[in-house]
Structures are given as C-alpha cells and as structure tokens.
Amino acid sequence: MSTPSYSFPPGFRWGAATAAYQIEGAHNLDGRTPSVWDTFAKTPGRVRTGENGDIANDHYHLFESDVALMASLGIKHYRFSISWTRILPEGTGAVNQRGLDFYKRLLDCLDKYGIEPQVTLFHWDSPQVLEDRYGSWRSRQMAHDFAAYAEVVVKALGDRVKRWTTMNEVGCFTMLGYGVGKPPQHAPGTVVQSHQDIWQAVHHAMLGHGLGVQAIRAHCSKAIVSLVDNTEVTVPVTESPADVAAAQKAFTDSWINGGVCMPALTGQHPELFLRHKGADAPKVQAGDLEIISQPLDAWGFNNYFGTYVRAADNEDGYETVPLPGGYPKMDLPWLSIVPDAAYWGLRHLRDVAGFKGQFFISENGCGAADEFGADGRINDLDRIFYLRAYLRQFHRALAEGIPLEGYFVWSLMDNFEWSFGYAKRFGIIWNDYASQKRTPKESARWYSECIRQNRVV
Ligand code: PNW
C-alpha cells in the first residue's frame, strides 16, 4: 500500500502556541510588575476595543485544565513564553521566586501529560521600568539586560526545558512598536525621530538575541536554541527561473529580513539592505555581527502571509506586486491567504539565508469570524481551509528535502490579540471570556485528526 498523501515523518512534532501576555492574566499577582503592553493597553485609544491583558484567559490559574484539554486533542508540544516581569519585577536584579514557581508548576503539569515545552524567553512584554529608565530597545543596555534575564530563567528551568527560543518576531516589537511621524500600533508605542532609530532598536534586539543564545548555552548544555521570526516571504508570481531569482533577491531586503534573519544567519547585513536604507541603517560596533550570528540549532518560522514578487527591468531586478482588491483574506486587515509563502519561506531561509539546521513552524494560523452554529458548534471551516492549505505547502518543502521537524498552530485558544483586543480570534479552542469556558472548535477536531494520522487530513 502506498503512503497516504501529505504524511509527515515519524516523530514530527505537532504542537500549539501561546504567549504570556495574551493568555496569563494575573497581571499584578505574586510580584509581577507592568510590562510595556500593560501600560500601552491601558492608554486610551491604543487597543481598538479598549481591552487589556489583566485577566485575559486567566491561564495563570487555569493552566491545569488547559494542559489537560491540549493533551486530550493529542497535542504533544507546547510553545509558550515567559513573562520577564514575573521573574525580574525590577527588570534587572532581584529574582522573584514566585514568578519562577508558576513556570515550574506549568512545566511539571506538561510533564505529567507527556507534553514537551518549547519556551520563548521574550514575546514582547518587556519591563515598563526599563522603558522608563532608558527607552528599552532603543538602548544598547537592553541587550545586556535581556541576556541577564535569560540567564536567570535558564539557570532555574534548564533542567526541565531543552528547547529554547530567545525572542519572538523582532520585527513586530521594533518596527510596529516605534513610529516615525505617527504613533505605532504596538507597545511601547513611542514616536521616534527617524527610521534610523527604529533600525537601531532592531540591531539592539538582535544583539540581545545573540547574547541570549550565549547565556542559554552557558547554563543548559542540552539546549536546542532558536530564534523565532516572522520572516517576510517573497513569493515568485511564477516559478520561472527569472521570477524565482527575483524573489530570492527581494527576500534579502523585504521588510525586516535585512536586519533580522539575514544578519542572524549570515553574519552580515545584505548589500541590498545597506543600499536601500542608506543613512537609516543601524550603527554596528566591532564584534556585534559575530554575536548576532551565533550558530543556532533551529529556526522558528512564523508564517501568516506573503508578498508576491516578479522579475523587473529596474536597478534591483525585481518588483513587488500589490494584491488586487478582491484577493482572499481571513478576518484581519493584514491576513491575506498566501499558502505558497509557507513553502517559499522555508526555501529562501535555506537557499538564500543559508540555514543548515532544523526548521520548525513556530506559528501558523488565522483569525476567523467564528460563531456558534445552530448545532451549538463552532464550524470554523474557513480556518480548516486556511490551515490545510498552508500545511500542504509546508509539506511540499519537506518533500523537497528541507528539514522541517515540527509545527505549532497559532493558537491553542482565542486570546488577547494585541491592538485588536479580544475581538479577533485565532484559537482552535474558543474562549468565553465571561465564564472562561473553553470549547474546542471544529478546527481542533480536524487538527487532532492530523496529529493522529501524522499527515494533513
Ligand atoms: C504574531 N502583522 O504577531 C504573534 O507572534 C502573535 O503573538 C500574534 O497573536 C499572532 O501573530 C497573530 O497576530 C503578528 O501585522 C502580528 O503582519 C502582526 C503581524 C504579524 C504577526
């Protein structure tokens, strides 16, 4: 009998992902202090719905039933993040044991259910106190303070955790956190003078990543270390050699790639990035790029959409092709459905950025306009359609020899969707925020079956 289509190799790691500020709640409990997201969300006008993460999914108290529910779906890998201000309420210095104890309880619970943790040290919730002290990522000091925080966490939890990620989506907490001329959409929400300020913040974050990798390796010898990045994917309009070459070239300076994945994986800022950014390029000190390009064991690729590119007769040799008005989208303004980005992202990371280690999909998912049907169920067929289409493209990459070893759906459950508040739902599990009752959607049942058959069903 032939292998059923879209089968993944034995041991493929099927998982689900979340992040601390989006689900934990318990914002002022057991010594936690405000992060920039607490402050930002409580500033009128910043979150469209006026909501914040004070309570969120109250996962701080409900983690046991959440883990049990995850296990009941067959999910064997859980990606979550640690809240910096639970561990170091002053941002630096004194360690808060009660904060560490929460994550020990969570890790013990995961262990009890046979679920392996994939831990992100930083998913955007930096200490407000460091923003007040020196402007957080706008200062080089932040890179050192992040590494010191990483050391504290890894020393305390390194016996329980093997798979570590330094940071989530450097592009989002820098490019979307600082704005030129107008307030940006993400925390800290600061208006800065120039784009150089923003690229400098990106550079400080990347330095923090590199120093963080060193801290993890120093205190956890078995660590599998990664960066999680929403690498911007350039999809060739056709697979002609000319369009593919155009997409490959464009990849090196698409959105944040020139400041994030390219320096992390090649130890250099690409020529195209330096030429395009000119005076806005980051100022780099001797030795920085060596730190930023520490060898990584794994690369976490977050993928939601992509940008179409074709060959063009201009100085760069390519042009991006804007999406037509009627292009299909999910339930967020930026969430165009571009499944081919799943394949091309991995291919560019291997062929253009030259990454030779293991890949995992650290996030893939969508917001959908979910509702309870007359049958009392959430028949989110649109989410199933989206996830199935992307998974088939991830599978294509694997079939062409790209070492993809895991997939984490975003998200385990509906949660605080940043500047969209709770209005946008990304979960495969519905959350009713009034009662904190969790209800698996049809996509959860579908995902569970993918896991059971170890293939895209
Ligand atoms: C990611 N964009 O954020 C984050 O890692 C998650 O915390 C988040 O909930 C999820 O994706 C869904 O948004 C992104 O504007 C935020 O392109 C914005 C964008 C992409 C990713």
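Start at 1 and go down the list; that is how both ligands and their atoms are numbered. We use all heavy atoms of the structure for the numbers below, so side chains are in, but hydrogens, waters and symmetry mates are not.
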Legend entry - Asn28 and Asp38 side chains, donor-acceptor separation under 3.5 Å: no
Legend entry - Ring center gap for Phe12 and Tyr407 short of 6.0 angstrom: no
Inset, instruction - Heavy-atom contacts with His123 under 4.0 Å: which atoms of ligand 1 show up? List them by number with element. - result: 4 (C), 5 (O), 6 (C), 7 (O)
Inset, instruction - Please determine if Arg347 and Glu239 form a salt bridge, counting it only when a charged side-chain N lies under 4.0 Å from a carboxylate O. - result: no
Inset, instruction - Answer yes when Glu24 and Arg32 have at least one side-chain N-carboxylate O distance shorter than 4.0 Å, and no when they do not. - result: no
Inset, instruction - Starting from atom 2 (N) of ligand 1, find the nearest protein heavy-atom neighbour and note its residue, name and distance. - result: Trp334 CD2, 3.6 Å
Inset, instruction - Output yes when Arg438 and Asp66 qualify as a salt bridge under the 4.0 Å nitrogen-oxygen rule, no when they do not. - result: yes
Inset, instruction - Would you mind running through ligand 1 and noting each atom that sits below 4.0 Å from a heavy atom of Phe305? - result: 17 (O)
Inset, instruction - Ignoring hydrogens, just give me the one of Tyr304, Phe426, Trp410 whose non-hydrogen atom is nearest atom 11 (O) of ligand 1. - result: Tyr304
Legend entry - Heavy-atom gap Lys424 to ligand 1 smaller than 4.0 Å: no
Inset, instruction - Would you mind telling me if ligand 1 is within reach of the side chain of Leu332, the backbone, both or neither, using heavy atoms under 4.0 Å? - result: neither
Legend entry - Aromatic ring pairing Tyr21/Phe416, orientation class (parallel under 30°, perpendicular over 60°, tilted between): perpendicular
Inset, instruction - For the pair Phe408 and Phe360, name the ring-plane relationship: parallel under 30°, tilted 30 to 60°, perpendicular over 60°. - result: perpendicular
Legend entry - Among Glu417, His186, Glu169, closest by any non-hydrogen atom to atom 1 (C) of ligand 1: Glu169
Legend entry - Close N or O approach (Asn415, ligand 1; < 3.5 Å): no
Legend entry - Identity and distance of the protein heavy atom lying nearest atom 4 (C) of ligand 1: Glu363 OE1, 3.3 Å
